[in-house]
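The first residue of the sequence shown is numbered 1, and numbering continues consecutively from there. Given the structure is predicted, the values throughout are model-derived calculations rather than measurements.
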Amino acid sequence: AVGLLAAVESEPSEVVGYFKKTINDGGWQAISLPFAYSSLGIGDVIGTQLSESDCIIDINTATSTIYYADFGWFGELESMDYGTAYYINRAIGNGVTDYFLLGKVDPQGFTKTILGNGAFTAFGLNEATEIELTDDLFGTNESDGDVIIDINSAASSTYYSGFGWFGELTQISPTSAYFYNSALGSSDFIWTYEPVRSKTSTSINRVSK
């Protein structure tokens, strides 16, 4: 279960919120950052919420870091980034646990290379709310037969020229991570994501899976 509580004062840069997430004993969970941070170090974003031998892995690069209770996070992966997708692996024997993603609701743009010719590129959006999967989300760089897949749920949608995205997956959700599976024969493209920012003062209390 994922819970979101965001208290909005005026402008988006002043919003503070959190997501509560649950990971099972021995489980794998794909995540992305929904918030902005003054420091993206693993210790600043995740802190000491996890346990001995729990691991975080960048899905695209396979760089990783492991948590040691007497030391902290140690490994080649030293910081997280916007738009990047990660696996969290809960070590067997550590039990089910809750952890929190807490930060400032100030969506950050990013640039990412989406690999072509049948490759898989993992990504997430730096947004604290659902974003519609529309035919211009990727800047009209899509190719006929491209597929977006929710890594945790396996829900997907396929791109059809002249129609757009069609399938069970209709929204990109905060904290979730996805694969962009390009069609065979397609080319790499550079995706520059421009955040969706709400200027409306409101209070959000949303629960989703």
Side-chain angles (χ1 to χ4, degrees), residues 1-6 17-37 39-103 105 110 112 119-131 133 147-157 167-181 205-209:
V2 181
L4 170 64
L5 176 63
Y18 70 85
F19 283 91
K20 176 184 176 183
K21 301 184 71 68
T22 300
I23 187 166
N24 293 326
D25 185 8
W28 290 80
Q29 189 173 66
I31 68 163
S32 62
L33 299 182
F35 300 125
Y37 298 87
S39 170
L40 289 165
I42 301 289
D44 296 311
V45 176
I46 303 297
T48 60
Q49 299 182 81
L50 300 180
S51 304
E52 188 79 18
S53 299
D54 288 350
C55 184
I56 300 176
I57 305 168
D58 183 315
I59 297 176
N60 287 323
T61 67
T63 55
S64 64
T65 183
I66 298 175
Y67 184 74
Y68 299 98
D70 294 333
F71 179 83
W73 293 99
F74 181 79
E76 186 178 1
L77 181 65
E78 297 180 343
S79 63
M80 305 179 81
D81 203 1
Y82 308 120
T84 300
Y86 302 90
Y87 278 126
I88 293 184
N89 175 223
R90 181 72 168 165
I92 295 174
N94 281 348
V96 178
T97 194
D98 296 330
Y99 65 98
F100 295 85
L101 296 175
L102 169 69
V105 184
F110 56 85
K112 184 173 294 293
F120 286 77
T121 304
F123 74 93
L125 297 185
N126 185 242
E127 298 279 4
T129 189
E130 289 83 4
I131 302 299
L133 180 56
V147 180
I148 302 292
I149 306 165
D150 185 310
I151 298 176
N152 289 318
S153 72
S156 66
S157 282
E168 180 184 6
L169 185 65
T170 60
Q171 294 179 320
I172 304 299
S173 298
T175 79
S176 295
Y178 301 85
F179 279 126
Y180 192 112
N181 176 213
N205 190 351
R206 181 174 297 143
V207 176
S208 62
K209 294 181 180 179

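- When atom types are taken as modelled, the side chain of Asn89 and the backbone of Gly27 share a donor-acceptor pair closer than 3.5 angstrom.
- In this structure, CD1 on Ile149 lies 9.5 Å from CG on Leu169, to the nearest 0.5 angstrom.
- Looking only at side-chain heavy atoms (C-beta outward), Leu50 and Trp73 come within less than 4.5 Å of each other.
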**Asked** Which is it for Tyr99 and Gln29 under the side chain to side chain contact (heavy atoms under 4.5 Å, CB included) test, yes or no, and what are the steps along the way?
**Response** CA-CA 12 Å; Tyr99 65 98; Gln29 189 173 66; 2.5 Å; yes
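- If you take OG on Ser157 and CD on Glu168, they are separated by 8.0 Å, rounding to the nearest 0.5 Å.
- Within the structure, the salt bridge (Lys or Arg N to Asp or Glu O under 4.0 Å) test picks out the following pairs touching residues 42-60 (sequence neighbours left out): Asp54-Arg90.
- Taking the side chain as every heavy atom from C-beta outward, Asp81 and Tyr86 approach each other to under 4.5 Å.
- The minimum heavy-atom distance linking Gly75 with Thr65 is given by the pair N-OG1, 3.7 Å.
- The CG atom of Leu77 lies 7.0 Å from the OG atom of Ser64; values are rounded to the nearest 0.5 Å.
- Between Ala91 and Ser53 the shortest heavy-atom distance is CB-O, 3.8 Å.
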**Request:** Just do the side chain to side chain contact (heavy atoms under 4.5 Å, CB included) check on Thr121 and Asn60 with the steps written out, would you?
**Result:** CA-CA 7 Å; Thr121 304; Asn60 287 323; 4.1 Å; yes
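- A distance of 11.0 Å separates CD1 in Ile56 from OG1 in Thr63, rounded to the nearest 0.5 Å.
- With rounding to the nearest 0.5 Å, the separation of OG1 in Thr84 from CG in Leu33 is 8.0 Å.
- Contact check for Pro174 versus Glu130: side-chain heavy atoms found under the 4.5 Å cut-off.
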**Asked** What do the steps show when you test Ile57 against Trp28 for side chain to side chain contact (heavy atoms under 4.5 Å, CB included), and what is the final call?
**Response** CA-CA 10 Å; Ile57 305 168; Trp28 290 80; 3.5 Å; yes
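- Nearest heavy-atom pair across Leu101 and Ile46 is CD2-CD1, 3.9 Å.
- Across Gln171 and Tyr178, no two heavy atoms sit closer than the pair O-OH, 3.8 Å.
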**Message:** Set out, in order, the CA-CA distance, both residues' side-chain angles and the distance that settles side chain to side chain contact (heavy atoms under 4.5 Å, CB included) for Tyr67 and Ile42, then state yes or no.
**Reply:** CA-CA 10 Å; Tyr67 184 74; Ile42 301 289; over 6 Å; no
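- A 4.5 Å side-chain heavy-atom check between Phe123 and Ile59 finds every atom pair outside the cut-off.
- In this structure, Asp25 and Asn94 approach most closely via the heavy-atom pair OD1-N, 3.4 Å.
- Aromatic ring centres of Tyr82 and Phe110: separated by at least 6.0 Å.
- For the residue pair Phe35 and Asn126, the shortest heavy atom distance occurs at O-ND2, 2.8 Å.
- Residue Phe74 qualifies as open at atom CZ: its count of foreign heavy atoms under 6.0 Å is 12 or below.
- We find the CD-OG distance between Glu127 and Ser176 to be 13.0 Å, quoted to the nearest 0.5 Å.
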